[in-house]
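Structure first, commentary second.
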Amino acid sequence: MGEDVAKHEFTREDRTRYRTKVRRCLDVFARMLREARFDFERPMTGLEIEINLIDEHGDPAMKNHEALEVIDDPDFVTELGQWNIEINVAPRRLAGGGITAFEETVRRSLNKAEEKAREIGAHMVINGILPTLRSKHVTPDQLSSNPRYALLNEQVLAARGEDLQISIDGVERLHLTASSIVPEAACTSTQLHLQVSPEQFPAYWNAAQAIAGVQVAIGANSPFFLGKELWRETRIALFQQATDTRGDELKAQGVRPRVWFGERWINSIFDLFEENVRYFPALLPICDEEDPLAVLDHGDTPGLSELKLHNGTIYRWNRPVYDVVRDRPHLRVENRVLPAGPTIVDTLANAALYFGLVRALAEDERPLWSQMSFQAAEENFNAASRNGMDAQMYWPGVGTVPVVELVLRRLLPLAHEGLIRWGVDSAERDRLLGVIEQRCLSGINGATWQAREFHRHYDHSHLDRADALRAMLRSYVELMHANEPVHTWPLT
């Protein structure tokens, strides 16, 4: 959502002023694109991981404020729910051992943070949805204390005009009425950032959209919510519904959701920012004093804070990012489709697959998106969210095939090729893409393991559902800390 905000009431004048300002920012952004003012010669990549906090029993620990105080590391920040925190990893290049450096940095930081959090009776878990969450945990009083989350909650519900309705039909069914956006906090993700030039951006964004279904299917790690076994990546449906500002009537009119896959391939990053302004009313109409046109005319770099804040309240699965570092603007694709976990090595294997595939596909002489409809990409994404590694995928030149077959036969060689172009050495490529290969051969990812381990306890012992989920989570946490990839985890 960007910077902290403190204002709690908005007038009609605020909204009018914001609308004018965000359109002025859009005009300035268009001029910057024409004048090629962006930094991209040494492209950087970035990584963010959202983390759950649990107590000694495996239940959510509502202690993120206390945890951040004892961790005392600026890389760790607050998140929406009191049982959430996030680690932001310093950006780096992929060449020269960059992916391994990400892995080592995250492991070192998380181990240190875990030691500190234990002092207050909290422990860290990286997974897509904490399986021990209950209805009592996703209530308005569990919202993080940061004022920006209360403000976002107020504005989403005000825009909607009624309680949120969450309905997910999967292995089991869940129907929930929520009086706040706190259920969104159950969704803990991994976000991958890739810096690109304005000219490259549409190809990389289109490529990221095309492989989103593959990423979700192979990396799924969110099979449970509120004690129910739902989709293999339940986080996708839950996030879409927990932030939906539309009532039934607006849905029927075709109004776009704020959590959005999109509806077309793009020709410019401007297409996405222009859609943001054209389709979505402001949730947080907060104006900065900067005049972006005056700043640009003066030869400096505008922050475009209104455009950035607006973009931060529209949750595309692949989000465009404008940012300024050391007075130099740059553009990024923020890939948001993956859950957190199960381990750091699994997380970096997922990252290697993504970075390799998008590079290979973006530079292909015959773009994939010229052979594939956008609707097919979205259908792949939805099938992957429901079925995980059992999903069937459409792919040009192949037809509809099991996703594991598609990855093994077609996509892993492309990912290797892409990583070579990034300058990733052979040992790194083989180790991390080997994790993806073995995941496909075994048919076991985080969601598969969680579901099987839960049923081992629930179907074959005296444990009730809640205790079976706790037992599964205890095993998950122990194996997570060992950092062996999930396809090697024992299953009885």
Side-chain angles (χ1 to χ4, degrees), residues 1 50 52 60 79-84 128-144 149-189 216 220 222-263 279-284 312-317 336-337 339 378-379 381-387 447 465-466 469:
M1 231 186 76
E50 295 168 350
N52 292 302
E79 261 297 332
L80 180 64
Q82 290 187 27
W83 68 95
N84 302 144
I129 295 177
L130 188 62
T132 53
L133 282 169
R134 295 292 177 270
S135 297
K136 67 180 180 180
H137 301 130
V138 291
T139 56
D141 57 338
Q142 307 302 347
L143 202 66
S144 282
Y149 298 121
L151 184 56
L152 182 64
N153 179 64
E154 293 168 5
Q155 295 303 307
V156 168
L157 292 175
R160 183 176 172 84
E162 58 187 80
D163 287 347
L164 293 160
Q165 302 295 324
I166 295 171
S167 180
I168 305 173
D169 291 343
V171 178
E172 299 176 288
R173 293 183 176 183
L174 173 73
H175 299 284
L176 171 70
T177 298
S179 60
S180 75
I181 63 169
V182 174
E184 179 197 337
C187 306
T188 42
S189 66
V216 169
S222 312
F224 296 100
F225 179 55
L226 299 188
K228 297 290 185 75
E229 184 178 357
L230 301 167
W231 292 8
R232 284 300 177 248
E233 191 50 37
T234 304
R235 181 182 124 267
I236 300 297
L238 178 58
F239 191 53
Q240 288 171 336
Q241 296 180 40
T243 55
D244 199 342
T245 56
R246 308 167 302 160
D248 290 342
E249 297 81 4
L250 293 181
K251 292 178 186 178
Q253 293 171 38
V255 172
R256 280 85 173 170
R258 296 193 88 97
V259 177
W260 197 29
F261 188 80
E263 59 192 18
Y279 293 146
F280 299 98
L283 278 183
L284 301 171
T313 62
I314 298 159
Y315 306 98
R316 296 177 186 270
W317 294 111
R336 302 161 51 82
V337 307
E378 185 173 16
E379 289 172 354
F381 182 69
N382 292 332
S385 303
R386 286 180 176 274
N387 303 315
R465 180 175 288 258
L469 286 167

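This is a predicted model, so every value here is computed, not measured.
- Smallest separation of non-hydrogen atoms from Phe224 and Ile129: O-CG2, 3.1 Å.
- Every residue two or more places apart in sequence or in another chain was checked for a side-chain hydrogen bond (donor to acceptor under 3.5 Å, both in side chains) with Asp248, and none qualifies.
- Distance check, rounded to the nearest 0.5 Å: NZ of Lys228 to CZ of Arg173 gives 10.5 Å.
- Put simply, the side chain of Val182 does not reach to within 4.5 Å of the side chain of Thr139, judged on heavy atoms.
- In this structure, the ring pair (Phe, Tyr, Trp, His ring centres under 6.0 Å) partners of Phe381, at least two apart in sequence or on a different chain, are Phe261, Trp317.
- With sequence neighbours left out, Ala384 forms a side-chain contact (heavy atoms from CB on, under 4.5 Å) with Val216, Ala217, Met393.
- With sequence neighbours excluded, the residues satisfying side-chain contact (heavy atoms from CB on, under 4.5 Å) with Thr245 are Val156, Ala159, Arg258, Leu283.
- Checking side-chain atoms of Gln241 against main-chain N and O of Leu164 turns up no donor-acceptor pair under 3.5 Å.
- For the pair Ser222 (side chain) and Thr234 (backbone), a donor-acceptor distance under 3.5 Å is absent.
- The heavy-atom pair separating Arg160 from Asp163 by the smallest distance is NE-O, 2.9 Å.
- How far OG1 of Thr243 is from CD1 of Ile314: 11.5 Å, rounded to the nearest 0.5 Å.
- For the pair Pro60 and Leu133, the tightest heavy-atom approach, listed with the atom from each and the gap, is CG-CD2, 3.5 Å.
- Here Glu263 pairs with Arg256 under the salt bridge (charged side-chain N to carboxylate O under 4.0 Å, His left out) rule; sequence neighbours left out.
- In this structure, the side chain of Arg246 does not engage the main chain of Gly254 through any donor-acceptor pair within 3.5 Å.
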Side chain to side chain contact (heavy atoms under 4.5 Å, CB included) assessment of Asp244 paired with Lys251: CA-CA 10 Å; Asp244 199 342; Lys251 292 178 186 178; 3.3 Å; yes
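- For the atom pair Tyr149 OH and Leu80 CG, the distance stands at 6.5 Å (nearest 0.5 Å).
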Side chain to side chain donor-acceptor pair (under 3.5 Å) assessment of Glu233 paired with Ser385: CA-CA 5 Å; Glu233 191 50 37; Ser385 303; over 6 Å; no
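- Proximity of Pro183 to Leu238: side-chain heavy atoms (C-beta onward) are separated by under 4.5 Å at one or more points.
- In this structure, the side chain of Glu172 engages the main chain of Glu229 through a donor-acceptor pair within 3.5 Å.
- Rounded to the nearest 0.5 Å, atoms OG1 (Thr188) and CG (Asn52) are 4.0 Å apart.
- For Gly128 against Arg235, the heavy-atom pair with the smallest separation is O-CD, 3.9 Å.
- Between the side chain of Arg134 and the backbone N or O of Leu226, no donor-acceptor pair lies under 3.5 Å.
- Under the 3.5 Å distance criterion, the side-chain polar atoms of Trp260 are left unmatched by any main-chain donor or acceptor of Gln240.
- The minimum heavy-atom distance between Asp169 and Trp231, with the atom names listed, is O-NE1, 3.0 Å.
- With rounding to the nearest 0.5 Å, the separation of CG in Leu143 from CD1 in Ile181 is 6.5 Å.
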Side chain to side chain contact (heavy atoms under 4.5 Å, CB included) between Thr177 and Gln165, intermediate numbers included: CA-CA 5 Å; Thr177 298; Gln165 302 295 324; 3.1 Å; yes
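- With a 4.5 Å cut-off on side-chain heavy atoms, Gln142 and Val138 do not count as touching.
- Applying the side-chain hydrogen bond (donor to acceptor under 3.5 Å, both in side chains) test to Ser189 and every residue at least two apart in sequence or in another chain returns Glu50, Gln191.
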